[in-house]
Amino acid sequence: MSTGIAARVEEHLAVFKRGATDLIDEVQLRAMLERSLSERRPLRVKYGMDPSSPDLHVGHAIPLLKLRDLQELGHQIVLIIGDSTAMVGDPSGRNKLRPQLTREEVEVNLVTYTDQAAKILDMERTEIRRNSEWFNAMTFEDVLLLLARMTVAQMIERDTFQKRMQENEPIGIHEFLYPLMQAWDSVQVRCDAELGGTDQLFNLLVGRKLQEQEGQAPQVCLTTPLINGLDGRKMSKSYGNAITLTDGARTMFFAVMRLDDASMGTWFTQLTRLPDDEVRTLLAGHPREAKARLAEELTSFFHDREAARAARAAFDREVRDRQLPAEIPERPWPGAPGDTLPLANLLKDIGLTSTTSEARRTIQQGGVRLDGTVVRDPVQLIAAPVAPLLVQVGKKRVARVVPR
RNA sequence: GGGGAGAUUCCCGAGUGGCCAAAGGGGUCAGACUGUAAAUCUGAUGGUUCCGCCUUCACAGGUUCGAAUCCUGUUCUCCCCA
């Protein structure tokens with residue numbers, strides 16, 4: 001082996017390892033890379049996504065970004081669209097039984113999923129496989145044989161199942177099938193390595209086991225951290241604490257600015273590719289500057305530099321300087337032209353609050369301003385405006401009521 | 001197959017005949033503070049024509065002046081025994 005290859009092995013290894021939580025195992029990966037680079041045969045790196053909810057969030061972007069790095073090194077990415085596994089539901093990191101999706105729901109999600117993944121990966125160079133390709137071809141006997149590869153004891157060793165049993169939460173028998181299915185994907189695509197979140201480690205290891213049983217070299221398992229959402233809990237669409245890849249530039253930027261300081265380091269490492277020393281300098285400086293930079297990097301990546309700058313300008317203006325936004329949505333007066341409306345009803349009618357009760361509460365708490373003046377009486381009658389009336393609810397909601 | 005426990009408001013979780021729109025915590029919203037946050041403090045948190053009325057405590061009936069609370073049936077979950 002030439003010294004040139006040895007250096008490149010180290011280079012590739014560093015990319016694999018950067019920000020990773022588990023690597024099983026490094027010795028094996030090094031050997032794979034040596035062979036791969038000397039034989040000029042890219043490694044097949046698998047990643048599976050189940051189209052189980054319509055939107056991907058930045059947490060999903062972490063492994064995808066890692067895949068992109070590997071893709072840029074010339075390795076072959078194999079993206080598994082888990083259209084069959086989605087109907088089972090991955091029990092990983094779940095303390096509850098997942099609702100089972102129908103074929104129709106899966107198909108709808110699938111389209112948006114690949115579109116979103118395309119924001120990160122070069123899909124031209126990505127091998128995309130649906131796992132229904134092989135699962136739909138299996139007979140009941142095939143399924144039995146697959147199930148027979150593991151024992152219940154091995155399965156319930158998993159901490160998620162342990163926890164559920166302790167908490168008397170249900171565990172569906174079909175959930176036992178999930179790790180085996182994911183592992184079977186690895187056998188089918190003959191991958192050299194599989195990437196997943198830290199909660200996937202068990203499933204990834206089952207892949208190694210099955211590949212060995214099938215006479216294949218066991219895959220290297222690589223996990224990336226799961227990140228917390230904006231409220232500190234695990235990021236999840238259902239908690240409403242996620243930043244999704246489909247969020248607009250402004251929404252995305254503003255959301256990142258709400259992140260707690262302590263998480264910034266992880267976010268920089270996992271979601272940006274800024275050099276380490278630059279990140280260190282940023283983190284040592286003013287937290288707001290660092291966070292703004294983080295937000296700008298993320299927004300630029302998922303949208304573009306221009307949109308990110310605009311979002312930052314809007315943030316500075318509206319939040320930092322407490323100025324009105326440049327664009328204020330206009331709402332036509334909802335009543336008859338010469339009419340009057342109680343303030344609470346007006347707020348609901350123009351959509352600034354979802355119910356009149358919410359409007360009343362907010363008004364009574366001093367959260368509503370008309371032309372900049374706090375109004376505390378929810379039944380105060382508002383006359384149809386002759387000139388635009390500026391209505392603000394809290395810090396974020398604003399509209400201009402215009403005559404019609 | 002037998003026995004036991006349970007299903008509560010967005011989530012978790014109290015409540016076992018009237019004082020229950022239902023404790024407490026989380027989340028969320030509003031206000032204060034601030035660096036944009038976080039943390040902290042205050043208040044709010046089913047709807048509404050808002051000191052009244054309507055809807056809500058798995059579902060369907062029933063008892064009662066009155067039920068989340070009692071009874072019957074149904075659905076779902078957990079535990080133990082076989």
Side-chain angles (χ1 to χ4, degrees), chain A residues 94-100 156 161-173 175 227-243 250-268 282-299 308 311-323 325 335 339-349 351-370 373-381 391-398:
Chain A
R94 282 276 162 162
N95 50 16
K96 281 203 172 141
L97 200 64
R98 280 180 186 253
Q100 294 207 256
I156 62 176
F161 288 141
Q162 287 290 336
K163 193 183 279 177
R164 280 210 240 162
M165 286 191 284
Q166 268 165 27
E167 288 167 7
N168 288 345
E169 287 291 337
I171 299 171
I173 306 266
E175 292 183 273
I227 49 169
N228 289 132
L230 300 173
D231 59 0
R233 295 186 292 173
K234 180 183 164 185
M235 184 175 286
S236 164
K237 189 93 190 307
S238 51
Y239 290 155
N241 64 359
I243 300 175
R250 179 194 160 97
T251 307
M252 188 176 278
F253 190 98
F254 277 54
V256 175
M257 292 306 284
R258 283 185 56 206
L259 185 71
D260 62 296
D261 289 356
S263 300
M264 278 198 283
T266 311
W267 282 53
F268 269 119
L282 280 167
L283 291 177
H286 196 299
R288 190 184 59 192
E289 269 315 302
K291 204 173 293 178
R293 183 65 193 281
L294 175 65
E296 213 174 316
E297 287 297 316
L298 276 176
T299 311
R312 179 167 186 164
F315 184 87
D316 284 348
R317 175 194 176 99
E318 294 166 38
V319 181
R320 190 191 62 191
D321 302 334
R322 311 249 169 131
Q323 301 294 307
D339 223 349
T340 60
L341 278 174
L343 179 54
N345 297 280
L346 175 65
L347 294 184
K348 191 216 163 193
D349 289 345
L352 248 38
T353 61
S354 48
T355 64
T356 46
S357 296
E358 184 197 334
R360 295 177 71 94
R361 289 195 289 269
T362 313
I363 295 163
Q364 280 162 347
Q365 292 180 121
V368 173
R369 279 163 294 167
L370 296 180
T373 309
V374 174
V375 177
R376 286 174 181 278
D377 181 8
V379 293
Q380 178 172 87
L381 291 176
V391 185
Q392 288 165 277
V393 179
K395 293 190 179 85
K396 298 179 200 105
R397 288 166 279 179
V398 60

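Sequence lines set the chain letters: A, B, ... in the order given, protein chains first and strands last, and positions in each chain run from 1. Just so it is clear, the structure is predicted and the values come from calculations on it, not from any experiment.
- Taking atom C1' on both nucleotides, B:rU8 is separated from B:rU55 by 15 Å, rounded to a whole Å.
- Close to B:rC78, at under 4.0 Å from its OP1 or OP2, lies no side-chain N or O of A:R164.
- In this structure, A:R360 atom CZ and B:rG52 atom C1' are separated by 12 Å, rounded to whole Å.
- Closest approach to the A:V319 side chain among B:rU48, B:rU34, B:rU36 is made by B:rU36 (side chain taken as heavy atoms from C-beta onward).
- For the pair A:K395 NZ and B:rC33 P, the interatomic distance rounds to 9 Å; values are reported in whole Å.
- Atom CD in A:Q364 sits about 11 Å away from atom P in B:rC51, given to the nearest Å.
- For B:rG35 and B:rA44, the C1' atoms lie 27 Å apart once the distance is rounded to whole Å.
- Across all strands shown, nothing is found opposite B:rU56 as a Watson-Crick or G-U wobble partner with both distances under 3.5 Å.
- With sequence neighbours excluded, the residues forming a side chain to side chain contact (heavy atoms under 4.5 Å, CB included) with A:A344 are A:A359, A:R360, A:I363, A:P378, listed by chain and number.
- Taking atom C1' on both nucleotides, B:rC41 is separated from B:rC51 by 30 Å, rounded to a whole Å.
- Between B:rU45 and B:rG4, the two C1' atoms lie 38 Å apart (nearest whole Å).
- A:M165 has its CE atom 16 Å from the C1' atom of B:rU77, to the nearest Å.
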Q. Just by protein heavy atoms under 4.0 Å, how would nucleotides 38-47 of chain B read 5' to 3' in B, S and -?
A. -----BSS-S

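- Across all strands shown, B:rU63 has no partner, as no Watson-Crick or G-U wobble contact with both distances under 3.5 Å is found.
- Atom name P, nucleotides B:rC54 and B:rA22: the rounded distance is 16 Å, in whole Å.
- Along RNA chain B, the nucleotide closest to A:I171 and the one closest to A:R397 are compared, and the more 5′ of them pairs with A:R397.
- Of the nucleotides present, B:rC81 is the one that pairs with B:rG1 by Watson-Crick or G-U wobble criteria, both distances under 3.5 Å.
- Taking every heavy atom of both residues into account, A:M264 and A:L294 meet most closely at CG-CD2, 4.3 Å.
- One finds no salt bridge joining A:R293 and A:E289 here, because no Lys/Arg side-chain nitrogen approaches an Asp/Glu carboxylate oxygen to under 4.0 Å.
- In this structure B:rC76 sits in a base pair with B:rG6, meeting the Watson-Crick or G-U test at under 3.5 Å.
- Both A:R320 and A:T362 sit near RNA chain B, but only A:T362 has its closest nucleotide nearer the 5' end.
- Close to B:rU49, at under 4.0 Å from its OP1 or OP2, lies a side-chain N or O of A:N345.
- Atom CD1 in A:I173 sits about 12 Å away from atom P in B:rU77, given to the nearest Å.
- In this structure, B:rU69 forms no base pair with any nucleotide, since neither Watson-Crick nor G-U wobble geometry is met with both distances under 3.5 Å.
- Rounded to a whole Å, the NZ atom of A:K291 is 17 Å from the P atom of B:rU34.
- Nucleotides B:rG52 and B:rC20, compared at atom P, are 15 Å apart to the nearest Å.
- Between B:rG25 and B:rU69, the distance separating the two P atoms is 26 Å to the nearest Å.
- Under a 3.5 Å cut-off, the side chain of A:R320 and the backbone N or O of A:F315 do not form any donor-acceptor pair.
- As judged by a 4.0 angstrom heavy-atom cut-off over every strand, A:F315 is placed among residues touching the sugar-phosphate backbone only.
- Looking at heavy-atom distances under 4.0 Å, A:P170 makes contact with sugar-phosphate atoms alone, never a base.
- When every heavy atom of A:K291 is checked against every heavy atom of A:V256, the shortest pair comes out as CD-O, 3.6 Å.
- Rounded to an integer number of Å, the gap from CZ of A:R312 to C1' of B:rG35 is 13 Å.
- Between the side chain of A:R250 and the backbone N or O of A:A308 there is no donor-acceptor pair closer than 3.5 Å.
- B:rA58 and B:rG3: their C1' atoms are spaced 23 Å apart (whole Å).
- Note: CD (A:E167) to P (B:rG6) measures 19 Å, nearest angstrom.
- The partner of B:rG24 is B:rC12, judged by Watson-Crick or G-U wobble contacts that both fall below 3.5 Å.
- The side chain to side chain contact (heavy atoms under 4.5 Å, CB included) check on A:Q162 picks up A:M165, with sequence neighbours excluded.
- Contact annotation for A:R322: base contact, defined as any heavy-atom pair under 4.0 Å involving a base atom.
- Looking only at side-chain heavy atoms (C-beta outward), A:M257 and A:F253 come within less than 4.5 Å of each other.
- Judged purely by atom type and a 3.5 angstrom limit, A:E358 uses its side chain to pair as donor or acceptor with the backbone of A:S354.
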